[in-house]
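Remember, it's 1-based here, ligands and their atoms both numbered in the order they're listed.
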Amino acid sequence: MLHDPNRVYVFDTTLRDGEQVPGCQLTTPEKIEIAKELELLGVDIIEAGFPVSSPGDFNSVVEISKAVKEPTVCALTRANKGDIDAAIESLKYAKRPRIHTGIGSSDMHIKHKFNSTREEILERAVEAVKYAKRAVEDIEFYAEDAGRADVEFLAKMVEAVIAAGATVVNIPDTNGYCLPDQYGSKIKFLKENVKNIDKAIISVHCHNDLGLATANSIAGLQNGARQIEGTINGIGERAGNTSIEEVVMILKTHQVLGLHTNINAKNFFELSRMISTQMRMPVQPNKAIVGSNAFAHSSGIHQDGFLKNRENYEIIRPEDVGFPSASIVLTARSGRHALKFHLERLGINLNKEELAEVYNNFLTLADAKLDINDDDLLSLVAHKLVKN
Ligand code: KIV
Ligand code: ZN
């Protein structure tokens with residue numbers, strides 16, 4: 001089968017990088033439930049866990065491998081035999097197993113985490129890939145802290161692990177350090193300078209410490225990466241990982257990029273809420289795509305424009321991501337147009353003068369009471385209803 005050069009593979013790490021968040025731990029049955037939903041969402045790869053880390057995590061990888069059919073199931077390891085053996089064992093029921101192994105690539109990590117040298121680290125990286133490859137065909141290698149790594153050394157490492165059998169090379173911005181053009185340039189450099197780079201897929205794995213995870217992931221894709229790693233709701237270590245829903249909707253919205261995924265975006269909202277509940281991690285109201293305010297229009301200027309033509313203030317249709325509907329929120333910043341819209345929704349039609357009078361009373365109420373609901377509206381017009 002010919003490989004589609006514009007297809008972006010989606011690698012979900014909600015159950016691994018996402019689950020590392022304190023307080024977000026899940027039981028195996030909860031993880032299975034989420035994995036099945038991720039399968040329905042259409043993700044290509046589910047990173048099911050870090051098997052050597054605990055018997056519970058090992059068991060989750062085993063059970064998820066049994067529970068899903070379509071996605072590749074991936075297990076994380078460090079670059080050592082014990083981790084890799086555990087991962088191989090945990091993946092024995094997976095229809096499409098992948099091992100995700102790797103080691104630090106920045107001088108910071110090489111010196112201050114591994115107390116090692118570039119040469120030694122390179123050897124360990126290659127050994128790990130070769131060791132994993134004996135048992136599993138699909139090997140993803142991560143060059144941890146690649147965002148801060150020397151690009152020439154990174155290129156050497158990537159070339160060596162591809163020669164050793166890596167099928168995917170993950171270039172993580174582990175600390176969310178890079179600017180989008182720096183990260184994009186790094187991917188471009190690898191694409192242009194690594195021998196046999198086309199034998200592997202370049203993957204982007206960005207963290208959100210500076211709020212740039214999504215922008216960096218897109219920069220990576222624009223420069224030749226074809227796998228994006230992230231989580232639902234952007235949960236993950238510290239400030240989180242790239243939000244899958246954001247990247248997918250950016251690619252859909254900006255078709256000029258020419259890139260596409262296999263994701264059923266209509267499933268986003270429900271899955272976002274399910275993960276938020278199970279992981280006890282609320283979604284911030286202004287979170288792009290899935291926040292409760294993502295499709296709520298509250299100022300008079302926006303409401304008026306939206307009611308004239310929703311596309312004035314809506315670049316994504318809420319229904320396209322499974323969001324119940326757009327909303328016009330009534331506040332003291334709302335205009336007459338929004339008030340009229342809500343009254344008509346309740347079956348109340350007022351003439352211009354009546355509306356002006358009710359609007360003045362509405363503003364007084366809205367200044368005093370932040371949340372105006374249907375009962376408030378009915379009280380505001382009650383005397384008119386009685387008269388009519
Ligand atoms: O952020 C990171 O570098 C990681 C690796 C383990 C892929 O999560
Ligand atoms: Zn990570």
Side-chain angles (χ1 to χ4, degrees), residues 9-22 24 43-54 57 61 72-80 83-84 86-87 90 98-110 112-114 121 124-125 128-129 132 138-149 153-154 157-158 161 166-178 182-183 186-187 190 200-214 216-217 220 225 227-244 246-247 279:
Y9 295 93
V10 176
F11 176 115
D12 180 278
T13 184
T14 307
L15 299 174
R16 199 279 297 169
D17 227 345
E19 211 242 358
Q20 287 174 206
V21 176
C24 284
V43 305
D44 300 287
I45 304 107
I46 295 175
E47 187 162 51
F50 180 17
V52 86
S53 66
S54 75
D57 223 34
V61 179
T72 293
V73 177
C74 177
L76 184 80
T77 84
R78 291 164 297 184
N80 67 58
D83 280 26
I84 296 170
S90 70
R98 176 182 293 182
I99 288 185
H100 189 192
T101 189
I103 200 160
S105 62
S106 65
D107 287 332
M108 180 76 203
H109 277 211
I110 292 171
H112 301 288
K113 183 173 158 183
F114 294 98
I121 290 288
R124 286 173 65 176
V129 171
D138 189 4
I139 307 296
E140 173 166 341
F141 176 82
Y142 65 86
E144 195 183 4
D145 203 21
R148 292 191 297 172
F153 176 67
L154 185 63
M157 187 179 233
V158 167
V161 296
T167 41
V168 180
V169 283
N170 178 11
I171 312 300
D173 186 18
T174 304
N175 289 291
Y177 168 77
C178 289
Q182 291 171 333
Y183 190 69
K186 227 163 209 175
I187 303 295
L190 298 176
I201 292 175
I202 301 181
S203 185
V204 291
H205 176 118
C206 298
H207 280 264
N208 207 28
D209 301 65
L210 293 172
L212 290 170
T214 297
N216 285 342
S217 299
Q227 177 177 287
I228 168 265
E229 306 194 6
T231 59
I232 300 296
N233 299 338
I235 62 164
E237 289 264 357
R238 306 181 307 277
N241 288 59
T242 303
S243 290
I244 289 181
E246 292 175 12
V247 172
M279 292 188 145

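Side-chain atoms of Ser243 do not come within 3.5 Å of backbone N or O of Glu246 as any donor-acceptor pair. Looking only at distances, no side-chain donor or acceptor of Ser203 sits under 3.5 Å from a matching main-chain atom of Val169. Side-chain N or O atoms of Asp145 include none that pairs as donor or acceptor with a backbone N or O of Ser105 at under 3.5 Å. Side-chain atoms of Asp44 come within 3.5 Å of backbone atoms of Val10 as a donor-acceptor pair (strictly under, hydrogens ignored). Thr214 contributes no side-chain N or O that, together with a main-chain N or O of Val247, makes up a donor-acceptor pair within less than 3.5 Å. For Thr231 (side chain) and Ile235 (main-chain N/O), a donor-acceptor pair under 3.5 Å exists by modelled atom type. Without hydrogens or angle criteria, Asn208 side chain to Leu212 main chain gives a donor-acceptor distance under 3.5 Å.
Ligand 1 lies under 4.0 Å from heavy atoms of Arg16, Asp17, Leu76, His100, Tyr142, Glu144, Asn170, Pro172, Thr174, His205, His207.
With a cut-off of 2.8 Å, the protein N/O/S atoms near the Zn ion (ligand 2) add up to 3.
A donor-acceptor pair shorter than 3.5 Å can be found between the side chains of Asp17 and His205.
Residues Lys113 and Met108 fail the side-chain proximity criterion, which asks for heavy atoms closer than 4.5 Å.
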